[in-house]
Amino acid sequence: MLAVIALTTFLSPASADDVVALTEDTFETQVGKDRFALVEFYAPWCGHCKRLAPEYEQLGASFKKAKSVLIAKVDCDEHKSVCSKYGVSGYPTIKWFPKGSLEPKKYEGARTAEALAAFVNLEAGTNVKIASVPSSVVVLSPDNFNEVVLDETKDVLVEFYAPWCGHCKALAPTYEKVAAVFKLDEEVVLANVDADKYKDLAEKYGVSGYPTLKFFPKNNKAGEDYGGGRDLDDFVAFINERCGTYRDGKGQLTSKAGIISSLDGLVKEFVSADENEKKAVYSRLEEEVKKLKGHAARYGNLYLKLAKKGMEKGADYAKNEIQRLDRMLEKSISPAKADEFTLKKNILSTFA
């Protein structure tokens, strides 16, 4: 029997990567072999599929370590022949394939992670429990709205939604992923408010349709309409641009994170200086760092720390340390540690 999967605060929310995407070429190499398979046949434009997505991804995350079970999906827009072969005429269609068989039976149960898991456990003889995933979205009400949204030290994106709204339900899993991407950025907040329940808040901010997204940057607490796209990449690009963050869609820091372009010239001087000159350039670097504010000041101090290490350990320090950090980043580490190592690696690259 499989052990119950437990999540810690260091683990990321369920990811679409935990559900295996099958194609015309890979379907029969994965299904009908030596493990059971639950397969969702879906279409990207299908509203019911979008609503199922977070539940199915949570199922995939929970069964990720179950070697006897494959949780998979097929895009029927892209791989029509597979879906046609198995008689799929509506979306989503979920089918169960026993071990060693390409003769499935249709899943007719509820479309929740818990119901799907109960079905898989019964059919496969497993004992996997659905791992609960803590939300990274801040839930707002009249009691905390001003405290969270009007905080001038935070950039806040707020979704005004209604529980009965289909577009809101479709947006929910993407919005949760965006919140997870930026959960380690203390100055960025993703929040939502039930505008149907708290109508006064909706009226105050001119909300008349759902979902309505408003951005409350540090320097404008009157709020600005968010008119961008509603895919994960659209939200991530918007927040990176407006909040000065450097995240990709998986929540990892990009190679630009921590880099302070105003220090480039001094870093180049420092690298090319001989041992006697390095101390003088370091002193000038210190003076520039003192002028920095906020995140830049924190990164500037890391520049100083690494420059000092370079003086102590010699010309190969940056190159050797980058190689060590690359090895560390390949291991299973917490997101906070990954951020720490990536920032260090990025800044070291300017000295290498």
Side-chain angles (χ1 to χ4, degrees), residues 3-18 57-58 60-62 64-65 131-138 153-155 157 175-190 232-233 235-237 239-240 243-261 263 267 289 292-314 316-352:
V4 174
I5 298 173
L7 290 186
T8 70
T9 55
F10 295 119
L11 290 180
S12 302
S15 163
D17 294 339
D18 296 327
E57 288 167 14
Q58 194 173 6
S62 299
K64 190 174 184 178
K65 294 182 180 179
S132 61
V133 180
S135 175
S136 299
V137 177
V138 176
T153 68
K154 312 284 186 188
D155 294 309
L157 184 64
Y175 200 68
E176 184 62 61
K177 287 177 184 176
V178 179
V181 165
F182 293 98
K183 67 182 179 180
L184 293 181
D185 291 284
E186 295 179 358
E187 295 180 11
V188 177
V189 178
L190 274 290
L232 176 64
D233 290 343
F235 282 114
V236 170
I239 292 172
N240 281 336
C243 305
T245 48
Y246 294 94
R247 298 275 177 191
D248 62 20
K250 294 183 178 180
Q252 296 171 342
L253 289 176
T254 70
S255 59
K256 294 181 179 179
I259 301 298
I260 303 171
S261 57
L263 300 180
V267 169
V289 168
L292 301 173
K293 305 290 183 185
H295 281 312
R298 175 191 162 202
Y299 302 148
N301 285 322
L302 189 49
Y303 269 80
L304 292 177
K305 180 180 178 181
L306 295 173
K308 194 170 185 180
K309 282 276 190 183
M311 287 192 292
E312 293 171 357
K313 300 201 171 189
D316 289 335
Y317 167 70
K319 181 183 71 174
N320 293 337
E321 185 66 0
I322 287 171
Q323 291 173 351
R324 186 185 74 85
L325 291 169
D326 277 334
R327 292 193 297 271
M328 296 297 291
L329 286 165
E330 288 173 359
K331 297 180 180 179
S332 179
I333 56 177
S334 73
K337 272 294 178 188
D339 274 10
E340 177 188 332
F341 294 160
T342 301
L343 285 170
K344 191 175 180 182
K345 178 186 167 186
N346 289 351
I347 295 170
L348 278 167
S349 69
T350 68
F351 287 92

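Fair warning: this is a prediction, and the values are worked out from it, not measured in the lab.
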Straight-line distance of L343 CG to L325 CG, nearest 0.5 Å: 11.0 Å
Value rounded to 0.5 Å, distance of CZ in F341 from CZ in R324: 6.5 Å
Heavy-atom pair of closest approach, residues C243 and V188: CB-CG2, 4.0 Å
Other residues, nucleotides, ligands: >12 heavy atoms within 6.0 Å of E312 CD: yes
Straight-line distance of T254 OG1 to R247 CZ, nearest 0.5 Å: 9.0 Å
Y303 side chain vs V289 backbone, donor-acceptor pair below 3.5 Å: no
Atom pair NZ (K337) and CD (E340), whose distance is rounded to the nearest 0.5 Å: 4.0 Å
side-chain hydrogen bond (donor to acceptor under 3.5 Å, both in side chains) pairs, two or more places apart, involving residues 342-352: E321-K344, D326-K345
Y299 OH to I347 CD1 distance, which is reported to the nearest 0.5 Å: 8.0 Å
Side chain to side chain donor-acceptor pair (under 3.5 Å) partners of D155, counting only residues at least two apart: none
Close side-chain approach of L190 and I239, heavy atoms under 4.5 Å: yes
Which atom of I260 lies closest to which atom of G300, heavy atoms considered: CD1-N, 3.6 Å
Qualifying residue, where the test is side-chain contact (heavy atoms from CB on, under 4.5 Å) with F182 and the options are T245, V189, L157: T245
CG-NZ distance between L348 and K309, expressed to the nearest 0.5 angstrom: 11.0 Å
Pairing residues for S261 by the side chain to side chain donor-acceptor pair (under 3.5 Å) criterion, not counting sequence neighbours: none
Nearest non-hydrogen partners of S136 and E176, listed with the distance: N-OE2, 2.7 Å
